[in-house]
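Here the structure is laid out as structure tokens; the discussion comes afterwards.
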Amino acid sequence: MHICQYCNKKSFATKKLDQIELEKLGNNCNQVTFLKGDRIMIQDALSHNIVFIEGGLVKIHASGPEKEQILKIVKGPSYLGIPTVIGSKTNKFSATAISKTTACFIDFEVFKDFIIQNGEFAYEIIIDLCKNELFSYKKCINQAQKQGPGKIAEALLYFSEIIFENSSFNLPLTRYELGNLTCTSRETVSRILSDFSNNKIIEVNSKKISILNKEQLEIISKKG
DNA sequence: GCATTAACCACAG
DNA sequence: CTGTGGTTAATGC
């Protein structure tokens, strides 16, 4: 059992719960700590839990016809698996920690009761789902229409602005994984990164990447 | 044809 | 795991 009342990492939705509901949540959720590489959710497993990532970085991936596909990188605080628990019996994707991550597993029946009984809670969940859907649309367009440099520029800006909120960061993926995420090959990632580096748009030191010319990167990302 | 883009292969560090 | 060079295929002037 977990004391949710005093948790300072509540989601926007759980901030809308009253004391009684928080107590109920606490009695029906459990916190787990994952290390880099640990699997948080396994595709095809039955799941009755909503996962809330309190903090840490998580890789969302699913198996395709020939290989595992990285769908996106998510930073806590964030819910995982709301669509897969509500819309399906089994998980339609896997989640793997790529840094130390704490997550709360919430019993779905309790989560469902909150949605049905607390409109403000439900509304916050809907906002979250909407944002995710729009993100998917955007990623689909990027993937279909942008060329290599545009895709990589987009990914670098995503890490810089959304994930790390810093112009300089340590890439939490290998070149192969970045290629997989952006739907290109590892060789293309290598070449584009050194190309950006030669043009003084970014600075690369193995995993450490600093964005030097954000405007230029945005132009490349935008025009594809 | 010729240029561009990017995947695949191979090899070195 | 990564960077680079050669090769090949698709696509667009």
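In the text below, chain A, chain B and the rest are named by the order of the sequence lines, each starting its count at 1. Just so it is clear, the structure is predicted and the values come from calculations on it, not from any experiment.
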Report summary line: Those residues at least two apart in sequence (or on a different chain) that pass ring pair (Phe, Tyr, Trp, His ring centres under 6.0 Å) with A/F164 are A/F169

Query - nucleotides 7-13 of chain C: protein proximity per nucleotide (B base, S sugar-phosphate only, - neither; heavy atom, under 4.0 Å) - result: -------

Query raised in the report: Base, backbone or nothing for each nucleotide of nucleotides 6-13 of chain B, written B, S, -, heavy atoms under 4.0 angstrom, 5' to 3'?
Result: SSBBB---

Query raised in the report: Who passes salt bridge (Lys or Arg N to Asp or Glu O under 4.0 Å) against A/D113, sequence neighbours left out?
Result: A/K24

Report summary line: Sorted by chain and number, sequence neighbours left out, salt bridge (Lys or Arg N to Asp or Glu O under 4.0 Å) with A/E124 holds for none

Check side-chain hydrogen bond (donor to acceptor under 3.5 Å, both in side chains) between [X] and all other residues, then give those that pass, not counting sequence neighbours.
X: A/K208; answer: A/S168
X: A/E109; answer: none
X: A/K151; answer: none

Requested in this report: Apply side-chain contact (heavy atoms from CB on, under 4.5 Å) to A/I141 and list each qualifying residue two or more places apart in sequence or on a separate chain.
Outcome: A/Q145

Query raised in the report: For the residue pair A/F111 and A/Y79, is the inter-centroid distance of their aromatic rings smaller than 6.0 Å?
Result: yes

Report summary line: Rounded to whole Å, the CZ-C1' distance (A/R175 to C/dT4) equals 14 Å

Query - Distance in angstrom units between A/L173 CG and C/dT2 C1', rounded - result: 15 Å

Exercise answer: donor-acceptor pairs, residues 214-224 of chain A side-chain atoms, under 3.5 Å, sequence neighbours excluded:
| unit_1 | atom_1 | unit_2 | atom_2 | d |
| --- | --- | --- | --- | --- |
| A/K214 | NZ | A/E161 | OE2 | 3.1 |
| A/S221 | OG | A/K146 | NZ | 3.3 |
| A/S221 | OG | A/E154 | OE1 | 3.3 |

Requested in this report: Could you list all the ring pair (Phe, Tyr, Trp, His ring centres under 6.0 Å) pairs where at least one residue sits in residues 132-157 of chain A, not counting sequence neighbours?
Outcome: A/F135-A/Y158

**Report entry** Near-strand residues of residues 194-205 of chain A, defined as heavy-atom separation under 4.0 angstrom from DNA chain B
**Finding:** none

Requested in this report: Compare side-chain N and O positions of A/K207 against OP1 and OP2 of C/dT2 and report whether any pair is under 4.0 Å apart.
Outcome: yes

